[in-house]
Amino acid sequence: MARCSEYFLRLSSGYLFPEVARRTKIWQERNPGRPILRLGIGNTTEALPPSIVAAMKHKIDLLSDRATYTGYGDEQGDIALRKAIGRRYSELGIELGMSEIFVSDGAKSDAANIQSIFSQDSVVAVQDPSYPVYVDSNVAAGHTENYNEANAGYDGIVYMPATAETGFIASPPSEHADLIYLCFPNNPTGAVATKEELKRFVDYAIENGSIIIFDAAYSDYIRTPGIPHSIYEIEGAERCAIELNSFSKYAGFTGVRLGWSIVPESLEAENAPHGTLNRLWNRRQCTFFNGASSISQAGGIAALSPEGRKECDALVDYYLENARIIKKGLERKGLQCFGGIDSPYVWVSCPDGLSSWSFFDLLLDKASVVVTPGSGFGPAGEGYVRVSAYGHRENVESAVRSIEENL
Ligand code: PLP
């Protein structure tokens with residue numbers, strides 16, 4: 001008889017967002033007619049910028065004519081898009097070869113799949129709290145032991161706590177790790193890392209022969225001068241870091257789907273010469289993936305054009321203003337807030353020693369506001385909730401007002 005993967009069975013069942021949805025549904029059934037104010041999931045809400053829409057419509061016109069129709073493209077992505085991504089890095093002083101850029105259908109798939117080119121016995125380290133995909137994809141791939149209820153985490157994973165004392169920036173682990181997942185600006189805490197803070201991880205990785213997987217999905221939200229937008233702004237990172245990025249939060253592509261990964265030729269691995277990891281990722285993508293949608297890629301090229309960049313920056317500014325409104329409002333209420341400056345997420349300390357889920361329930365009950373419990377992002381997220389700035393301005397303002405008036 002067929003057997004299920006014992007690794008997938010190992011995944012703890014209570015995935016965060018279904019549980020948020022379950023509790024919200026119960027609340028709605030008990031409170032018919034009361035409007036629900038959602039500041040939970042990091043899903044974009046504003047319309048696509050006009051130059052992107054025009055480019056995608058034009059691509060559809062080309063596809064609708066036999067003379068200009070195109071089918072499969074390069075698995076690694078349209079060369080025009082890769083060049084545009086390359087120019088974006090050049091502006092940061094980072095020169096990439098076209099063979100180092102891989103276009104994808106988004107950063108989530110890349111974050112989940114990248115572990116597959118590394119050895120089965122790789123020791124994985126994650127910031128705690130962190131975007132759940134890093135942990136879950138490694139659990140499903142058999143790189144961990146079982147879930148440990150007592151520790152609220154998986155055995156065999158190295159958790160690097162990111163706490164208020166250190167501005168929610170973790171320290172490199174004291175033990176050995178082969179793969180280190182970092183995300184800045186951080187989901188869920190909204191923290192950003194300085195060059196010095198990232199350099200500690202790059203130094204650790206070079207010293208320990210580790211590879212950093214740097215998720216920069218929110219890099220375009222950085223407005224504070226001097227904060228690095230890419231791990232490759234740190235000297236030596238091209239030898240030890242892979243970077244992932246996305247058009248989702250920058251251009252509103254959460255539904256359109258487009259992202260990219262950078263796998264430098266100069267990455268070092270213990271059992272293979274330079275360039276092997278790049279070739280393995282290319283092999284993996286060519287075997288399992290047939291390239292991102294050509295319509296999305298046309299939109300991506302437009303998003304990186306001068307006009308598109310202006311429009312996308314305005315879109316990001318809109319969400320950043322939402323974050324500012326949320327943070328100011330919650331602080332007026334006396335809540336301790338972090339992040340929300342170079343990030344769409346405000347990380348809020350639960351008052352009166354409440355747990356994440358208790359504060360979630362309280363906000364829902366009293367203010368009709370849905371947030372995300374911090375404990376769902378890892379053991380060190382307990383005692384916090386994440387408030388997301390993705391929403392129409394009027395809804396964000398109503399939610400903040402409701403918290404101020406009713407909590
Ligand atoms: N990485 C982080 C840190 C995220 O928060 C998200 C989405 O919320 C993603 C990746 C997913 O990006 P994409 O929509 O490109 O798959």
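Counting starts at 1 for both ligands and their atoms, following the listed order.
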Pairs of donor and acceptor atoms involving the side chains of residues 225-234, under 3.5 Å and at least two apart or interchain, shall be tabulated with distances.
residue: His229; atom: ND1; partner: Ser219; partner atom: O; Å: 3.4
residue: Ser230; atom: OG; partner: Tyr232; partner atom: N; Å: 3.0
residue: Ser230; atom: OG; partner: Glu243; partner atom: OE1; Å: 2.9
residue: Ser230; atom: OG; partner: Glu243; partner atom: OE2; Å: 3.2
residue: Tyr232; atom: OH; partner: Ala241; partner atom: O; Å: 2.7
residue: Tyr232; atom: OH; partner: Glu243; partner atom: N; Å: 3.2
residue: Tyr232; atom: OH; partner: Ile262; partner atom: O; Å: 3.3
residue: Glu233; atom: OE2; partner: His229; partner atom: N; Å: 2.6
residue: Glu233; atom: OE2; partner: Ser230; partner atom: N; Å: 3.0

- Task: Using distance alone, with no hydrogens and no angle criterion, decide if Tyr154 and Tyr159 have a side-chain donor and acceptor under 3.5 Å apart.
- Result: no
- Salt-bridge contact Glu6-Arg10 (side-chain N to carboxylate O under 4.0 Å): no
- Can you list, by chain and residue number, every protein residue with a non-hydrogen atom closer than 4.0 Å to ligand 1? Gly106, Ala107, Lys108, Tyr131, Tyr134, Cys183, Asn187, Asp215, Ala217, Tyr218, Ser246, Ser248, Lys249, Arg257
- Would you mind checking if Arg401 and Glu404 are paired as a salt bridge, meaning a charged N to carboxylate O distance below 4.0 Å? no
- Parallel, tilted or perpendicular: ring planes of Tyr384 versus Trp347, cut at 30 and 60 degrees: parallel
- Is Lys199 salt-bridged to Glu196, cutoff N-O under 4.0 Å? no
